[in-house]
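All remarks here apply to the structure that follows.
Computed from heavy atoms alone, side chains included, the values below leave out hydrogens, waters and symmetry copies.
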2 protein chains.
Amino acid sequence: MNDAREIRAKSGTNHEGTSAHNRRVMIDALRLNGSLSRADLSRATKLTKQTVSNIIEELEGDGLVLSLDVVRKGRGQPSTPYKLVPDGAFAIGLQIDRHVTRAAAVNLIGNVLVRAEANLPPGGPSRGAKVILDLIESVRKELATLSVQSEKRLVGLGVAMPGPFGMDIVDDDPWMMAAWQNFPLLETLAAGTGLDVGLQNDASASATAERMVGVANGLDHAVCLYLGYGIGAGLILNGELYNGANGNAGEIGMVLTPPRHAGERHQALEHRASLASLYQHMGLDPADPALHTKLAAAALSSEPSLAGWIELAAGDLRWSVQIIETIFDPETVIICGSAPEPLARRLMQAMDPLLPSIAERRTRRLPRVQLGMTDPWAVALGAAAEPISRAFDPRFSAILKTRANG
Amino acid sequence: MNDAREIRAKSGTNHEGTSAHNRRVMIDALRLNGSLSRADLSRATKLTKQTVSNIIEELEGDGLVLSLDVVRKGRGQPSTPYKLVPDGAFAIGLQIDRHVTRAAAVNLIGNVLVRAEANLPPGGPSRGAKVILDLIESVRKELATLSVQSEKRLVGLGVAMPGPFGMDIVDDDPWMMAAWQNFPLLETLAAGTGLDVGLQNDASASATAERMVGVANGLDHAVCLYLGYGIGAGLILNGELYNGANGNAGEIGMVLTPPRHAGERHQALEHRASLASLYQHMGLDPADPALHTKLAAAALSSEPSLAGWIELAAGDLRWSVQIIETIFDPETVIICGSAPEPLARRLMQAMDPLLPSIAERRTRRLPRVQLGMTDPWAVALGAAAEPISRAFDPRFSAILKTRANG
DNA sequence: GAAATAAGTCAAGACAATTGACTTAATAAG
DNA sequence: CTTATTAAGTCAATTGTCTTGACTTATTTC
């Protein structure tokens, strides 16, 4: 029917897809509920007891689940609960920031087992790539000392760095984030480590972390408002991270905000509500290694210039939250980022009262806005959580055939 | 493991899920590509020739596909292309608007076969429900005269009405849209028609229509900016309509816009860029039956008050498009709605040049903004397209088990 | 005319979930 | 203290769906 005309279609599926999905569903259920018996799993997943038994046996054989003590409760044969084996799988996450890179190893349930960081030399990837590969290697070595099986059970490498990706680069900065984005990073890392590599921006990584071990755990619709050097949103929609057509969904830094006062020009959100704007406002040096500590201290004091920025930024964030609620209709909005926790907390407080929005409903179960992780390691954790999610979370794409046969 | 504690888990799947998915994938491929041979389908879906043959045979038996003339092309046995049978399935769509309700019947490929409209009496659902049921009944009867099989092949009823849904009602208007939203409409319609009923807001319905037969056909990431009495966005993300946690995603009317000039208060977008705002600006009566014609005429003239509104609204839309691009990273933004086409066209032109955004990339294949349907029947069409999509489009939820056995 | 190529079929096989009867082990009831 | 009831979990056979590999058919190219 077609010469070279491209045929567009989604993939079909087969037994393998079915089986893979059911395995993922069971792992997901165990992660979400802590421990469940085979009978529980059967009811929850709508699969038969027999099927659940078969899959559990398989998962147990693979070292992904283990049985706990028998539980007596009411009539009937006592049940044997199962839970995930924490060290049933590992993943490594890498955060590439302006002047520093962090790597972390996590296990199947999101515990951080190893962390390591290194300074990135200025000059971008030409010099930095080596630093990164060494850092990953050292994390991998250390992980191997904690678990003999770590190498065998390593499911991938997740990378997080500031977006947006794939843009025609216009401006650059001394730390050459743009150069990083043009560099064939994924290929280099895949070749250098032999691992499957995934990429997210900071905000998405944060959301991934919140979903695995944070306040977004078990939520299918949540947005992480990530306040870092820039500002971004990590989108969890229908239980999966949403990336958009080009991987740039949620890059809200370029959104134009309402002017604060008469005569002010419209400004991009990231010039008003981001740590970069705070540094500028307070005349701080972004490269100062003690910056985080200083900011934390300032946040606990009554520093007037900080208070001024908080007041202004909270206004923009209040507006941002309202837009996010209005556009996404999420269960909750999570404030996270690399700001020191006292600062994030003060920002949260300053955002109160929130603007009226569609999110104000009596049937709400969760707060409209919650504080998420502010740990500087959260992004690396999210980066590491991504391969775990890719390997074990139920998702449409995991069902589809990836190669043809016949 | 649990007393009454609720266990949260996703559903598993089985052979039926596999088969259902593969059927949907084939139908989707045929819809998207017009006609394909079994060999084409096998390559495109990654299923084996044999599997494709089996499914095609089944679909042919179900009257959903039919074979075309054999095509000779190059070496090898000539291929037999298949295409969808237009009248292989039908659905009815219902639009409930302020003072009017429209019903349309479409077939499997989105052709509108029947349309009918009725005035809604003031007073909300207490009197309107009957009008609606009668209208649906008349469409159904007329459809039956066009196809003997229509009743057997009717897959559902789709309803579209202005959102947001499930809110604590604050203000109301004479046409009592709020009352409609509180009324158990879906239950009433399901009981009154015996059909499966789905609900969307206007903007989502518009997006559904654009995806089935409009400029979003085949796109996996697109946003429809719907300009009606209010304003909303219909979100196609990952190839599916996105509804949010409570079905209100895309209800952007409440977004606060940047002030137009010093001293102006922040205003909700729907008070500035919506037909309601135009009516107010021009002193038009929204209930005037000739309104659409008058507006169309005005749009073709050089009416200064209309030109003034266009200038203002275009500014807000420009900003809205930039936010949408920044947040969703879609392949394209589609302007649609119930404004007369000349008006929509002028608005589009007035939006040029668009604000700089992440969407400006050299690798773009589609325009950043495109004009979609402005037909007053587009929403009813989208409403009717929804059950077709629900029944035939590949989607994650269609794979999952819905009832337990064992 | 023979070789190459491609579409499509046939029949057997493989895989994974389902079915229904059965076993095991506890509590509740008399 | 015995028996009935309830629930967890297993066993073995069955079913549904896709895959496999060999085969047939039809066309073009050499």
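- A tilted orientation is assigned to the rings of A:F328 and B:F328, their planes being inclined by 30° to 60°.
- Ring geometry for A:H221 versus B:Y242: interplanar angle of 30 to 60°, hence tilted.
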Name the pairs: protein N/O against N/O of nucleotides 13-16 of chain C, kept only if under 3.5 Å.
unit_1 : atom_1 : unit_2 : atom_2 : d
C:dA16 : N3     : B:H15  : NE2    : 3.0

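- A salt bridge does not link A:D28 to A:R23: none of the charged nitrogens lies less than 4.0 Å from a carboxylate oxygen.
- In terms of position on DNA chain C, the residue among A:G76 and B:K49 whose nearest nucleotide sits closer to the 5' end is B:K49.
- Nearest nucleotide to the B:N405 side chain, out of C:dT18, D:dT28, D:dG9: C:dT18.
- Considering only the side chain of A:Q50, C:dT19 comes nearest among D:dT19, C:dA25, C:dT19.
- Residue A:Q77 places its side chain closer to C:dT24 than to any other of C:dA7, C:dT18, C:dT24.
- Put simply, CZ on A:R38 is 17 Å from C1' on C:dT18, counting in whole angstrom units.
- Nearest-nucleotide assignment on DNA chain C puts the 5′-proximal partner with B:S53, out of B:S53 and A:A20.
- Each of C:dT9, D:dT19, D:dA12 was ranked by its minimum atom distance to the side chain of A:K401; first place goes to D:dT19.
- Checking D:dT19, C:dG8, D:dT27 against every side-chain atom of A:N14, the shortest atom distance belongs to D:dT19.
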